[in-house]
Amino acid sequence: MDQCARQQRALALLPVCLALTFSLTAVGSSYWCEGTRRVAKPLCQDRPGVLHCIHYSHGSSDNGSQAVQYIWEMGDDKFVERRFHVGLWQSCEETLGSTGENCRSFQSVIPAEEQGVLWLSIGAEVLNILLTLTSAVLLGSRVRHHSGFHWLKVDASVAILTVLAGLLAMVAHMMYTTIFQITVNLGPEDWKPQTWDYGWSYCLAWGSFALCMVASVMATSRYTAARRGLAVNNSGQKGSRHSPQDFQKPKASESVWETEAAPSPAGCGLISVSKHLPPEAPGKVSMC
């Protein structure tokens, strides 16, 4: 029975730990949004074998003092698409002709009037992580120690903390989405993407929000069930204190003795008792 209860407490801890893991991974990564950016191809110059560059041929005049460049790429052929990904902290773009990336701060890309909103979003994400971590610690203590704790207070605290963490995460994600869309429209020309979509970090962040809501509902359900059980037990104990004794009350017809009054001298009366007396007792009692 104790092993089953421990497994149930560990199962209640699982969504909180997953939410914390998702939040930490999303905040630390730079794949909230991904896409491509259209840039002009550089000249190949003396590197004819390099891809993603403009090939040209040389021609010389009679005196050899001037060179003419013949560029064969026309229209869209003169451009190339570079992949990029953006997070809370930085924006990275692939480098042509190599496997590396060129990264810069995302704060340097967004408009100046939106930088305060970015910091609010980051602050909400950090608070979300702290509240989720506190909930995980409380539920972890519930798993490790099966006695000596007031579990009703733990469940109530976890329900409140996780719902607050989820709401903060939701607000932070919405603020970041707004900031990114504003930057796409008003950002610098050397950063504006051609196409973009949300990345896996963004999905993890919203998954953390959903798990916080699930953990809050589970904690509220446990708290409600425990309160209902305590109320039933208390009402049962009060009923047992005020319950009637095991013995039965005698009937009215059996509790009254049948008496017959008989005249007696000296102002006394003889009363005949017909029931509830031992056989050897006299049948009449003298009462003055």
Side-chain angles (χ1 to χ4, degrees), residues 13-39 80-96 99-136 161-218:
L13 178 62
L14 180 61
V16 179
C17 291
L18 285 177
L20 181 61
T21 303
F22 286 2
S23 293
L24 289 173
T25 305
V27 170
S29 63
S30 59
Y31 286 85
W32 284 62
C33 296
E34 300 177 90
T36 57
R37 196 170 72 85
R38 190 180 184 187
V39 296
V80 65
E81 291 184 349
R82 293 183 181 179
R83 297 191 58 82
F84 77 98
H85 53 89
V86 185
L88 288 173
W89 309 101
Q90 60 183 2
S91 173
C92 297
E93 182 179 301
E94 67 178 352
T95 303
L96 296 179
T99 58
E101 290 183 333
N102 183 22
C103 298
R104 53 179 168 175
S105 174
F106 182 57
Q107 187 180 3
S108 64
V109 175
I110 64 175
E113 59 272 12
E114 300 296 333
Q115 292 185 2
V117 182
L118 175 64
W119 284 111
L120 284 177
S121 176
I122 294 175
E125 292 287 354
V126 173
L127 285 178
N128 163 42
I129 292 175
L130 291 178
L131 292 177
T132 308
L133 177 61
T134 305
S135 301
L161 290 175
T162 49
V163 74
L164 287 177
L167 291 176
L168 283 171
M170 179 183 67
V171 172
H173 305 343
M174 294 176 66
M175 285 193 295
Y176 179 84
T177 304
T178 304
I179 293 169
F180 182 81
Q181 292 176 352
I182 291 175
T183 307
V184 168
N185 296 324
L186 304 178
E189 292 296 331
D190 62 344
W191 180 87
K192 285 184 178 181
Q194 184 75 14
T195 60
W196 65 274
D197 200 354
Y198 298 108
W200 57 266
S201 299
Y202 191 80
C203 297
L204 282 183
W206 280 107
S208 174
F209 159 76
L211 288 171
C212 283
M213 295 294 104
V214 170
S216 178
V217 171
M218 292 175 62

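Atoms considered below: every heavy atom in the structure, side chains included; atoms not considered: hydrogens, waters and symmetry mates.
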Evaluation steps, side chain to side chain contact (heavy atoms under 4.5 Å, CB included), between Trp119 and Met175: CA-CA 10 Å; Trp119 284 111; Met175 285 193 295; over 6 Å; no
Identified ring-ring contact (aromatic ring centres under 6.0 Å, His included) counterpart of His173 within the set Tyr198, Trp32, Phe209: Trp32
Atom of Met213, atom of Gly166 and distance for their closest heavy-atom approach: CE-CA, 3.5 Å
Ring geometry between Trp191 and Phe180 (parallel below 30°, tilted from 30 to 60°, perpendicular above 60°): perpendicular
Residue pair Pro15 / Leu211: nearest heavy atoms and the distance that separates them: O-CB, 3.8 Å
Between CG on residue Leu164 and OG1 on residue Thr134, distance to nearest 0.5 Å: 11.0 Å
Which atom of Thr183 lies closest to which atom of Phe106, heavy atoms considered: OG1-CZ, 4.4 Å
Donor-acceptor contact present, side-chain Thr36 to main-chain Arg83, <3.5 Å: no
Geometric class of the Tyr31/His85 ring pair [parallel <30°, tilted 30-60°, perpendicular >60°]: parallel
Results of salt bridge (Lys or Arg N to Asp or Glu O under 4.0 Å) for Asp197 - residues two or more places apart only: none
Side-chain donor-acceptor pair present, Tyr202, Thr177, cut-off under 3.5 Å: yes
Heavy-atom check, side chain of Tyr176 versus side chain of Ile122, under 4.5 Å: no
Ser121 side-chain N/O to Val117 backbone N/O, donor-acceptor pair under 3.5 Å: no
Gap between atom CD1 of Ile182 and atom CG of Leu118 - 0.5 Å precision: 11.5 Å
Under 3.5 Å donor-acceptor, Gln107 side chain and Gln115 backbone: no
Shortest non-hydrogen contact between Val39 and Arg82, atoms and distance: CG2-NE, 3.5 Å
Approximate separation, where rounding is to 0.5 Å, of Ser23 OG and Leu18 CG: 10.5 Å
Reported CD-to-CD distance for the pair Glu101 and Gln90, which is rounded to 0.5 angstrom: 8.5 Å
Value rounded to 0.5 Å, distance of CG in Leu161 from CG in Leu130: 11.0 Å
Test item: Thr178 side-chain N/O and Met174 main-chain N/O as donor-acceptor pair under 3.5 Å: yes
Backbone of Leu131 reached by a side-chain donor or acceptor of Ser135 within 3.5 Å: yes
Close side-chain approach of Asn128 to Cys212, heavy-atom, < 4.5 Å: yes
Heavy-atom check, side chain of Val109 versus side chain of Arg104, under 4.5 Å: yes
Residue pair Ser29 / Trp200: nearest heavy atoms and the distance that separates them: CB-CH2, 3.8 Å
Point-to-point distance, once rounded to the nearest 0.5 Å, from CD1 of Ile110 to CG of Leu186: 11.5 Å
Student check: side-chain heavy atoms of Thr25 and Ser201 closer than 4.5 Å: no
Minimum heavy-atom distance between Ala136 and Leu13, given as atom pair plus value: O-CD1, 3.6 Å
